[in-house]
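This one's a predicted model, so the numbers in the text were calculated from it and none came from an experiment. These numbers come from the heavy atoms of this one structure, side chains and all, not from hydrogens, waters or symmetry mates.
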Amino acid sequence: MYTIAIIGYGGMGGWHAKQLLSLPEEFRLAGIYDINPERIEAAEKDGIHGYQTLDALLSDPEIRTVILAVPNNFHKPLSIQAMRAGKNVICEKPVMMNAAELEEVIAVSKETGRQFSVHQNRRWDKDFLMVKKLIEDGSIGKPFYIESRVQGSKGIPGDWRCVREAGGGMLLDWGVHLIDQLMYLVDSPVTEVYAHLLSVKFPGVDDNFKLMMRFHNGLSALVEVDTYTFINLPRWHVSGDSGTAQIDDFSCTGRIVRARTEEMRWEPGIVYTVAGPTRTMAPRPKESIEELPLPALESDARDYYRNFRDADEGKAPLAVTPEQALRVMRVIDAVFASAEKGTSISLHI
């Protein structure tokens, strides 16, 4: 039985507890600690042991790994403290406030021999796995442009996400997920970023942002996070040299449309539409395209914990490595710099 404890029993701490408790034959949740005594009481009402101090949790010899589900500005000191106490660490995202902090934590991981990973659970999201599979299968040919976005209209929650010093804002909240997905999906270094970070309703943090990424292999990507949009665009829109795939939203509905043949017969004259005449943008003849369903697959986000355990026991390679997280944080550092300077930033990460 692999024993884990959780530091921080807010929204994500409670989510981790629920996931681990759903796997009683594989994992034992030793308990939680939270700086707020009311959250410890809430855990105990949920039937979970509450440690009264952080030291009590870290000194428990039964605990192999701790999960950090605390505001972002506490990730670095608690990661270091836990590893020096002999515990492996699963850190919530964003892994740190910047790349320099993560470099310090990686050094402590190597010094102590403790395993360290960031909880990039959205690599197990069904919509992402659909995109990954259709690209691997060549369903739309060679991809050259990807749009990845999440959009809502309620603003952002009134918690640490509104506080810059706590690592608030959408780039560090949702952006880190979408950037990690793209960098995992595209086997090529990032060579350029250009970003607009907007504060529409929440001064002091980015509550909306637009990011263009260019990869060394020529692929470009748009990453977009909006919290005040009332008509949503597709979650994914992927363009390949023989077709296009679209996933509408988190329901994972969508379709693949691709060319039946490489050659396409042009209409001899102008096509007249309600908006005006066009030839270049006229629809293809129906017989020249075909529509396919998205790949059918299932996923289980709890596989993240299983992989972390197996890697700790020497049975599998770690799925989300510190080195991967460091690449992502270096790109995020460049994104902040791009937004501040108003220019694109060249890099090779």
Side-chain angles (χ1 to χ4, degrees), residues 1-10 12-13 15-17 19-20 23 26-35 48-121 123-124 167 172 176 180 184 301-330 332:
M1 189 73 69
Y2 195 83
T3 303
I4 296 179
I6 300 170
I7 299 174
Y9 196 64
M12 282 308 300
W15 187 88
H16 283 292
Q19 301 306 303
L20 293 168
L23 298 168
E26 299 181 63
F27 296 94
R28 182 176 79 87
L29 177 58
I32 69 95
Y33 168 73
D34 196 291
I35 195 171
I48 300 168
H49 174 65
Y51 292 89
Q52 297 304 306
T53 66
L54 178 60
D55 286 343
L57 184 151
L58 293 178
S59 62
D60 185 341
E62 297 296 318
I63 296 171
R64 179 72 182 176
T65 293
V66 298
I67 296 174
L68 300 182
V70 297
N72 304 333
N73 52 322
F74 293 102
H75 288 179
K76 174 188 165 183
L78 286 176
S79 294
I80 292 173
Q81 185 177 357
M83 286 190 289
R84 288 194 167 143
K87 311 303 183 188
N88 299 316
V89 173
I90 294 172
C91 185
E92 258 305 322
K93 59 80 202 168
V95 61
M96 297 292 150
M97 298 283 281
N98 51 56
E101 286 193 352
L102 181 52
E103 287 172 345
E104 291 183 54
V105 170
I106 290 173
V108 174
S109 174
K110 292 177 179 178
E111 167 199 324
T112 59
R114 296 297 90 200
Q115 183 165 274
F116 179 85
S117 179
V118 56
H119 184 234
Q120 289 290 6
N121 57 301
R123 291 192 195 178
W124 283 264
L172 288 176
V176 68
D180 176 77
Y184 185 65
R302 298 175 302 177
D303 285 342
Y304 174 88
Y305 307 108
R306 295 183 176 109
N307 169 262
F308 188 93
R309 173 202 62 200
D310 291 348
D312 185 32
E313 295 176 349
K315 299 175 182 177
L318 189 62
V320 184
T321 68
E323 291 74 21
Q324 292 170 345
L326 184 58
R327 285 186 68 219
V328 172
M329 288 311 304
R330 285 173 174 165
I332 287 178

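Under the rule for a side chain to side chain donor-acceptor pair (under 3.5 Å), the partners of Y9 that lie at least two apart in sequence or sit in another chain are D46. The side-chain contact (heavy atoms from CB on, under 4.5 Å) test applied to T321 returns L318, E323, Q324, not counting sequence neighbours. Under the side-chain contact (heavy atoms from CB on, under 4.5 Å) criterion, D180 pairs with Q120, R123, V328, sequence neighbours left out.
Residue F116 holds its CZ atom at 11.0 Å from CG of N88, rounded to the nearest 0.5 Å. Separation of atoms CD1 (I6) and CD1 (I67) is listed at 5.0 Å; rounding is to 0.5 Å. Rounding to the nearest 0.5 angstrom, the gap separating the CE atom in M83 from the CG atom in L78 is 11.0 Å. Atoms CZ and CD1, from R327 and I332 in turn, are 12.5 Å apart once rounded to the nearest 0.5 Å. Taken to the nearest 0.5 Å, the CZ atom of F27 stands 9.0 Å off from the OH atom of Y305. Taken to the nearest 0.5 Å, the CZ atom of R28 stands 7.5 Å off from the CD1 atom of I63.
Annotation for S117 and V320: closest pair OG-O, 2.7 Å, computed over non-hydrogen atoms. Across all their heavy atoms, V89 and T65 have their closest contact at N-CG2, 4.4 Å. Taking each heavy atom of G8 and V70 in turn, the nearest pair found is CA-CG1, 4.0 Å. Minimum heavy-atom separation, N307 to A319: OD1-N, 2.7 Å. Across all their heavy atoms, A5 and L29 have their closest contact at CA-CD1, 4.3 Å. Annotation for Y51 and G31: closest pair CE1-CA, 3.8 Å, computed over non-hydrogen atoms.
Counting non-hydrogen atoms of neighbouring residues, nucleotides and ligands closer than 6.0 angstrom, the OH atom of Y184 reaches no more than 12 such neighbours. Within a 6.0 Å sphere centred on CG of L23, other residues, nucleotides and ligands contribute more than 12 heavy atoms.
In this structure, W15 and H119 have tilted ring planes: the angle between them lies in the 30° to 60° band.
Among residues at least two apart or in separate chains, salt bridge (charged side-chain N to carboxylate O under 4.0 Å, His left out) pairs with a member in residues 307-321 are E26-R309, R64-D312, E313-K315. A side-chain hydrogen bond (donor to acceptor under 3.5 Å, both in side chains) check over residues 66-76, counting only residues at least two apart or in different chains, returns the pairs K76-E104. For the salt bridge (charged side-chain N to carboxylate O under 4.0 Å, His left out) condition, the pairs that include at least one residue of residues 85-101, sequence neighbours left out, are K93-D173.
Judged by distance alone, the side chains of T53 and Y33 never bring a donor and an acceptor atom under 3.5 Å apart.
Looking at I90 and V66, their side chains never come closer than 4.5 Å, going by heavy atoms from C-beta outward. Put simply, the side chain of I7 does not reach to within 4.5 Å of the side chain of D34, judged on heavy atoms.
With hydrogens and angles ignored, the 3.5 Å screen pairs a side-chain donor or acceptor of S109 with a backbone N or O of R114.
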CA sep, side-chain torsions, deciding dist, call: S79, V108, side-chain contact (heavy atoms from CB on, under 4.5 Å): CA-CA 9 Å; S79 294; V108 174; over 6 Å; no
Kindly indicate, with the supporting measurements, whether the criterion side-chain contact (heavy atoms from CB on, under 4.5 Å) is fulfilled by R306 and Y304. CA-CA 5 Å; R306 295 183 176 109; Y304 174 88; over 6 Å; no
Residue pair D55, Q81: steps toward the side-chain contact (heavy atoms from CB on, under 4.5 Å) verdict: CA-CA 10 Å; D55 286 343; Q81 185 177 357; 4.0 Å; yes
